[in-house]
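Here's the structure we're looking at; comments come further down.
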Amino acid sequence: MNAPDTTGVPDYASLLRLDGTRYLVLGAGQGIGRQSAHALAANGAQVICVDLDQARVEAVVAELGPAATAWTGDITQAAAVKRLVEHTSERFGTLTGVVDIVGMAVPRDIAQMTEEIWDQQFDISLRHVMLIMREALPLMAGVSGASFTFVSSVSALYGSAHNSAYGAAKAALVSLVRSAAVEFGPLQVRVNAVSPGIIWTPRFAEILGDEGRRANDENTPLGHIAQPSEIASAILFLASRMSGHITGQVVVVDGGVNAKFPYPAVNMVRK
């Protein structure tokens, strides 16, 4: 058997370039989705920005210019996902990638959980993921650099009071990502996820306030909670050829919080 050729040096700078590629960004109207659309378009991708809020998604498309178009619909519904993929097929023919930001926690104690809230959390965080995988895969199979990139949460990895439905749905998303990576690998389609910690979005700003932000900044080894652009940077890496041999993985982006010893009151320094 001949030894593999390890002497070639790739053009590393080009691996982040997305010229000639085509992406769907689901949940592109604000926050991480808006930043992800900017990151993809800035590196040469054509982007269909998808959101339930028409005004927001059209504003993002206006920011991006000719690299982007808008599509409005409720992607938790199978019929809407089917229409979206049909629209994508008509516009692009094939598809390089899907970046999916969709999901929002509805805090509720388990003792006060309703079936409606439970089902809504799984629909918005998990069910639609299966739908977009199922419908978009035929447009992506065999396409160079094809990838699905999803947003999970550190809630999938750790227990959190009042957040059981969201955490369970995001944990199931992680399992689905791994299974899909195994199924789609022979088609050369990668599947990965990003798990953010707390992100400084308008929603978290309202929840935390200035005092809450200071407390979480102090709890973060890097000294600050994430900006949406810092999550989008990880998504760009996973969506690009720079991560070409990475699939079935979850990248935690939380400033190092998950790396800390979980009992801060214990002094581990020997006297």
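- In this model, no donor atom of one side chain and acceptor atom of the other lie less than 3.5 Å apart for Gln120 and Glu116.
- Shortest non-hydrogen contact noted between Cys49 and Leu64 is SG-CD1, 3.9 Å.
- Listed here is the closest heavy atom pair of Val189 and Met140: CG2-O, 3.7 Å.
- The same ILVMFWY cluster, assembled from side-chain heavy atoms under 4.5 Å apart, contains both Ile235 and Leu18.
- Smallest separation of non-hydrogen atoms from Ile101 and Gly33: CG1-CA, 3.5 Å.
- Screening residues 24-40 for salt bridge (charged side-chain N to carboxylate O under 4.0 Å, His left out) gives Arg34-Glu63 as the qualifying pairs, with residues at least two apart or on separate chains.
- Note: the hydrophobic cluster containing Leu139 also contains Val191 (ILVMFWY, side chain heavy atoms under 4.5 Å, direct or indirect links).
- Note: Met130 CE to Ile132 CD1 = 11.0 Å, rounded to the nearest 0.5 Å.
- You'll find the side chain of Ser125 reaches within 4.5 Å of the side chain of Tyr166, heavy atoms only.
- At distances below 3.5 Å, not a single donor-acceptor pair connects side-chain atoms of Asn258 with backbone N or O atoms of Asp254.
- With no hydrogens or angles considered, a side-chain donor-acceptor pair links His224 and Glu230 at under 3.5 Å.
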>> Pair His128, Asp74 - check side chain to side chain donor-acceptor pair (under 3.5 Å), show working.
In response: CA-CA 10 Å; His128 85 275; Asp74 182 0; over 6 Å; no
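- Between the side chains of Arg127 and Thr76, no donor N or O sits under 3.5 Å from an acceptor N or O.
- Contact check for Val129 versus Asp100: side-chain heavy atoms found under the 4.5 Å cut-off.
- Atom CG of Asp210 has 12 or fewer neighbouring heavy atoms from other residues, nucleotides or ligands inside a 6.0 Å radius.
- No more than 12 heavy atoms of other residues, nucleotides or ligands sit less than 6.0 Å from atom CE of Met104.
- With hydrogens and angles disregarded, no donor-acceptor distance shorter than 3.5 Å links the side chain of Ser164 to the backbone of Ser160.
- Taking CG of Asn43 as the start and NE2 of His38 as the end, the distance is 13.0 Å to the nearest 0.5 Å.
- Taking all atoms of both residues into account, the shortest heavy-atom contact from Leu95 to Arg22 is CD1-O, 3.3 Å.
- Across all non-hydrogen atoms, the minimal contact from Ala172 to Leu126 is CB-CD2, 3.6 Å.
- Thr220 places no side-chain N or O within 3.5 Å of a backbone atom of Leu222 that could act as its donor or acceptor partner.
- Here the side chain of Gln249 pairs a donor or acceptor atom with the backbone of Thr247 at under 3.5 angstrom.
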> Are Asn192 and Thr149 close enough, and set up right, to give a side chain to side chain donor-acceptor pair (under 3.5 Å), and what steps lead you there?
Replying inline: CA-CA 5 Å; Asn192 294 292; Thr149 308; 5.8 Å; no
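- Side-chain contact between Leu26 and Val99 is absent, with no heavy-atom pair separated by less than 4.5 Å.
- Looking at heavy atoms from C-beta onward, Asp51 lies out of side-chain contact with Val102 at the 4.5 angstrom threshold.
- Both Val25 and Leu16 belong to a common hydrophobic cluster when Ile, Leu, Val, Met, Phe, Trp and Tyr are linked at side-chain heavy-atom distances under 4.5 angstrom.
- Residues Val177 and Leu137 fall within the same hydrophobic cluster, defined by Ile, Leu, Val, Met, Phe, Trp and Tyr side chains chained together at heavy-atom separations under 4.5 Å.
- Distance check: Arg91 CZ to Ile48 CD1 gives 6.0 Å after rounding to the nearest 0.5 Å.
- Contact check for Pro196 versus Val154: no side-chain heavy atoms found under the 4.5 Å cut-off.
- Distance OG/Ser179 to CZ/Phe184: 10.0 Å, rounded to 0.5 Å.
- For the atom pair OG1 of Thr88 and OH of Tyr23, the computed distance is 14.0 Å after rounding to the nearest 0.5 Å.
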>> Let's go through Ile199 and Ile32 carefully: what are the C-alpha distance in whole Å and the side-chain angles of both, what is the deciding distance for side chain to side chain contact (heavy atoms under 4.5 Å, CB included) to 0.1 Å, and is it a yes or a no?
In response: CA-CA 9 Å; Ile199 311 157; Ile32 300 171; 3.3 Å; yes
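- For the pair Leu173/Lys170, a side-chain contact is recorded, criterion being any heavy-atom separation below 4.5 Å from C-beta on.
- A distance-only check finds a donor-acceptor pair linking the side chain of Arg190 to the backbone of Ile246 [under 3.5 Å].
- Put simply, the side chain of Leu24 reaches to within 4.5 Å of the side chain of Leu84, judged on heavy atoms.
- Closest approach of Ser243 and Phe237 over heavy atoms only: OG-O, 2.8 Å.
- A donor-acceptor pair under 3.5 Å links the side-chain atoms of Asn216 to the main chain of Gly212, judged by distance alone.
- Aromatic ring centroids of Trp200 and Phe204 lie 6.0 Å or more apart.
- Both Val98 and Ile124 are members of a single hydrophobic cluster when ILVMFWY side chains are connected at heavy-atom separations under 4.5 Å.
- A donor-acceptor pair under 3.5 Å is absent between the side-chain atoms of Gln30 and the main chain of Arg56, judged by distance alone.
- With contacts defined as side-chain heavy-atom distances shorter than 4.5 Å, the pair Met133/Leu176 qualifies.
- Rounding to the nearest 0.5 Å gives a distance of 14.0 Å between CZ of Arg213 and CD1 of Ile207.
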